[in-house]
Amino acid sequence: MTNELTFFNTMSRRNEPFVPLVAGKAGLYTCGPTVYNFAHIGNFRAYMFEDLLCRVLRYFDFDVTQIMNLTDVDDKTIRDSQKAALPLKEFTAKYIKAFFEDLKTLNIVPAAQYPAATEHIPEMIALVQALIDRGYAYQAEDKSIYFSIDKFPEYGKLAHIDRENQRAGVRVKTDEYAKDSVADFALWKAWDVGDGDVKWDSPWGPGRPGWHVECSAMSMKYLGKTFDLHTGGIDNMFPHHEDEIAQSEAANGCTYVRYWLHCAHLMVNGEKMSKSLGNFFTLRDLLSKGYTGRELRWVLLGAHYRKKLNFTFDALEAGRETLRKFDDFFRRLHAAESTQPAKPEETRQLAQDAEAGFRAALADDLNVSEALAVLFGLQRDTNKLLEAGSLDAAAAAPLLEQFRQFDRVFGCLEVDAGKSEAVPAEVIALAEARQAARKAKDFAKADACRDQLKAAGYVVEDTPGGFRVKPL
RNA sequence: GGCGUGGUAGCCAAACGGUUAGGCAGCGGUCUGCAAAAUCGCAAAAAUCGGUUCGACUCCGAUCCACGCCUCCA
């Protein structure tokens with residue numbers, strides 16, 4: 001059985017066996033949302049990928065500690081809270097609440113902690129001070145503190161950025177005159193009038209932390225100076241993650257992160273979905289169109305995380321159909337009755353083989369497509385047995401259990417959801433009336449009964465053993 | 001300009017130097033009063049042009065196209 005997980009490490013640009021710092025444990029840091037608005041489904045592609053990663057790590061018996069930060073102070077958050085005439089905290093609280101609701105709707109397993117930037121200012125100040133003490137940072141004329149990239153020769157090792165070849169000129173903004181070098185980035189932003197009452201005291205005067213320093217300070221606090229995995233969207237690779245590495249390694253003198261995993265974008269009409277382009281859907285948009293979190297979850301799970309995924313409503317519809325078939329399938333499997341000798345040893349073997357294929361697929365840098373092929377393969381084999389009438393409860397049990405195992409990773413099969421569904425007595429009565437009419441060859445009446453059932457929200461299906469009623 | 005990714009059947013999407021990926025949709029058979037579900041089967045592919053090879057969707061090169069990062073961004 002394959003038990004060796006491999007991940008594509010952005011740092012080395014190749015697949016590497018995952019060997020954690022501490023055997024059996026995995027520490028993971030995830031760049032979370034900036035809470036000035038509702039997250040869109042492109043954002044959720046990244047959170048879904050991270051959920052998949054954590055679920056797979058757990059499937060392989062790792063004890064996972066996931067930390068996801070909340071960026072609750074930055075230029076846009078300040079700007080929009082001022083527009084809304086609300087204190088920063090009150091403004092972000094609304095979107096933090098919405099974010100957690102959305103995670104739940106998508107059945108994303110919660111992280112261990114969700115540290116907020118504004119709750120960790122002392123840690124950030126300490127980190128900036130360490131960088132100043134070690135000669136990596138300086139205060140400019142505008143009172144802000146900057147990281148001096150020239151002092152960190154390894155700068156660019158993650159993104160493979162060669163500073164010589166960067167386009168000259170484009171990065172210069174009018175307010176950056178104070179920096180020693182254009183590429184230097186802010187660790188601490190000095191307060192200015194536009195920030196209103198958003199400010200914290202520091203040894204360098206009032207201000208607020210720079211974006212990159214937030215993640216470094218919080219990840220170190222919860223996971224240590226060196227930790228296993230850091231994830232995020234590919235657009236965070238540069239400059240955000242590159243800057244995190246520079247700050248953290250300069251301050252600590254040791255490797256910051258051992259495995260970097262980056263998720264590709266969700267596209268819509270061939271362009272990346274983003275707030276700045278305005279071409280996005282929020283989860284709430286989809287819910288209001290009648291789609292479910294489960295259906296979106298299925299769609300987002302459908303492509304490998306390092307490949308761009310084009311979002312379409314067709315895909316959502318196809319996903320809905322697939323899930324419907326699964327619901328029906330599990331209902332039939334729960335009700336399995338044999339007309340021939342059942343063979344539990346055969347189904348146990350089927351389950352075992354599927355398990356092996358499933359693990360091998362996921363171990364290969366989270367190849368969900370192949371894992372899904374295994375899932376569908378087992379479904380097909382199971383259907384054949386059901387069709388042949390050679391499954392009873394005992395023979396079905398190992399199969400059901402295997403699907404439950406699969407769902408620890410997929411999180412949307414709902415294997416047991418239809419099991420205990422109570423069908424109202426009047427619906428049963430109606431179905432029985434239809435059955436009687438059919439026997440009497442009164443098909444007009446039988447069809448009328450079926451229409452009535454449909455109106456009540458049920459479908460009736462005729463099987464060799466009798467009828468079967470299920471919700472529409 | 002620099003760095004990078006990708007172009008697979010109607011749609012979505014994998015693996016792999018030679019053997020059916022898979023899903024949705026479609027077509028035909030079985031089952032059914034009709035349906036539905038299921039099942040069996042079928043069809044359909046590799047942007048273009050070269051090269052390497054006994055053999056290439058898979059390796060190499062060129063071309064075209066799309067997309068991303070270099071600026072807040074999952």
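Chain letters run A, B, ... following the sequence lines, proteins first and then strands; every chain starts at 1.
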Are there any protein N/O atoms within less than 3.5 Å of an N/O atom in nucleotides 24-31 of chain B, and if so, which ones and at what distance?
residue, atom, partner, partner atom, Å
rC24(B), OP1, Lys325(A), NZ, 3.1
rA25(B), OP2, Lys325(A), NZ, 3.3

Got a sec, which residues hit side chain to side chain contact (heavy atoms under 4.5 Å, CB included) with Lys445(A), two or more places apart in sequence or on another chain?
Ala437(A), Asp442(A)
Close side-chain approach of Leu88(A) and Thr77(A), heavy atoms under 4.5 Å:
yes
Using atom names, set out every protein N or O paired with an N or O of nucleotides 12-15 of chain B below 3.5 Å, distance rounded to 0.1 Å.
residue, atom, partner, partner atom, Å
rA13(B), O2', Ser369(A), OG, 3.1
rA14(B), OP1, His304(A), N, 3.0
rA14(B), O5', Ser369(A), OG, 3.2
rA14(B), O2', Glu370(A), OE1, 3.4

Interface residues of residues 293-301 of chain A with RNA chain B (non-hydrogen, below 4.0 angstrom):
none
Span that lies between the P atom of rG26(B) and that of rA35(B), in whole angstrom
15 Å
If we take the C1' atom in both rA25(B) and rA13(B), what is their distance in whole Å?
15 Å
In dot-bracket form, 5' to 3', how is RNA chain B paired? Count Watson-Crick and G-U wobble pairs only if both distances fall under 3.5 Å, and write | where the partner sits on another strand.
(((((((..(((.....[...))).(((((.......)))))....(((((..]....))))))))))))....
Just compare rC70(B), rA37(B), rC34(B) and give me whichever is closest to any side-chain atom of Glu461(A).
rA37(B)
Less than 4.0 Å between a side-chain N and a carboxylate O, is that true for Asp327(A) and Arg331(A)?
no
Can you pull out every ring pair (Phe, Tyr, Trp, His ring centres under 6.0 Å) where at least one residue sits in residues 447-472 of chain A? Sequence neighbours excluded, please.
none
Give one of base, sugar-phosphate or nothing for Met273(A), where a contact means two heavy atoms less than 4.0 Å apart.
base
Could you list the residues that satisfy salt bridge (Lys or Arg N to Asp or Glu O under 4.0 Å) with Glu321(A), not counting sequence neighbours?
Arg324(A)
How do Lys275(A) and Arg380(A) order along RNA chain B: which one's closest nucleotide is nearer the 5' end?
Arg380(A)
List in chain and number order the residues that pass side chain to side chain contact (heavy atoms under 4.5 Å, CB included) with Leu323(A), two or more places apart in sequence or in another chain; answer none if no residue qualifies.
Arg294(A), Glu295(A), Trp298(A)
Any salt bridge linking Arg468(A) with Asp462(A)? Criterion: basic side-chain nitrogen under 4.0 Å from a carboxylate oxygen.
no
Can you check whether Tyr146(A) reaches Phe185(A) side chain to side chain, under 4.5 Å on heavy atoms?
no
Indicate whether OP1 or OP2 belonging to rU39(B) is found under 4.0 Å from a side-chain N or O atom of Asn383(A).
yes
All side chain to side chain contact (heavy atoms under 4.5 Å, CB included) counterparts of Glu242(A), not counting sequence neighbours:
Tyr155(A), Lys157(A), Leu158(A), Ala159(A), Phe238(A)
Measure CD1/Ile161(A) against P/rC3(B) and give the value in whole Å, please.
10 Å
At a heavy-atom distance below 4.0 Å, what parts of residues 186-194 of chain A sit against RNA chain B?
none
With C1' as the reference atom in both, quote the distance from rU53(B) to rA14(B) in angstrom, rounded to an integer.
25 Å
Which pairs, with at least one residue in residues 102-114 of chain A and sequence neighbours excluded, count as a side chain to side chain donor-acceptor pair (under 3.5 Å)?
Asp102(A)-Arg284(A)
Counting heavy atoms from C-beta on, name the nucleotide in rA35(B), rC69(B), rA38(B) closest to the side chain of Arg332(A).
rA38(B)
His160(A) near the nucleic acid: base, sugar-phosphate alone, or nothing, with a heavy-atom cut-off under 4.0 Å?
sugar-phosphate
Do Asp75(A) and Lys189(A) meet the salt-bridge criterion of a basic N to acidic O distance under 4.0 Å?
yes
Qualifying residues under side chain to side chain contact (heavy atoms under 4.5 Å, CB included), relative to Arg408(A), sequence neighbours excluded:
Tyr59(A), Gln405(A)
Under 6.0 Å from the ring centre and within 45 degrees of the ring axis: does the NZ or CZ of Arg306(A) meet both conditions for the six-membered ring of Phe8(A)?
yes
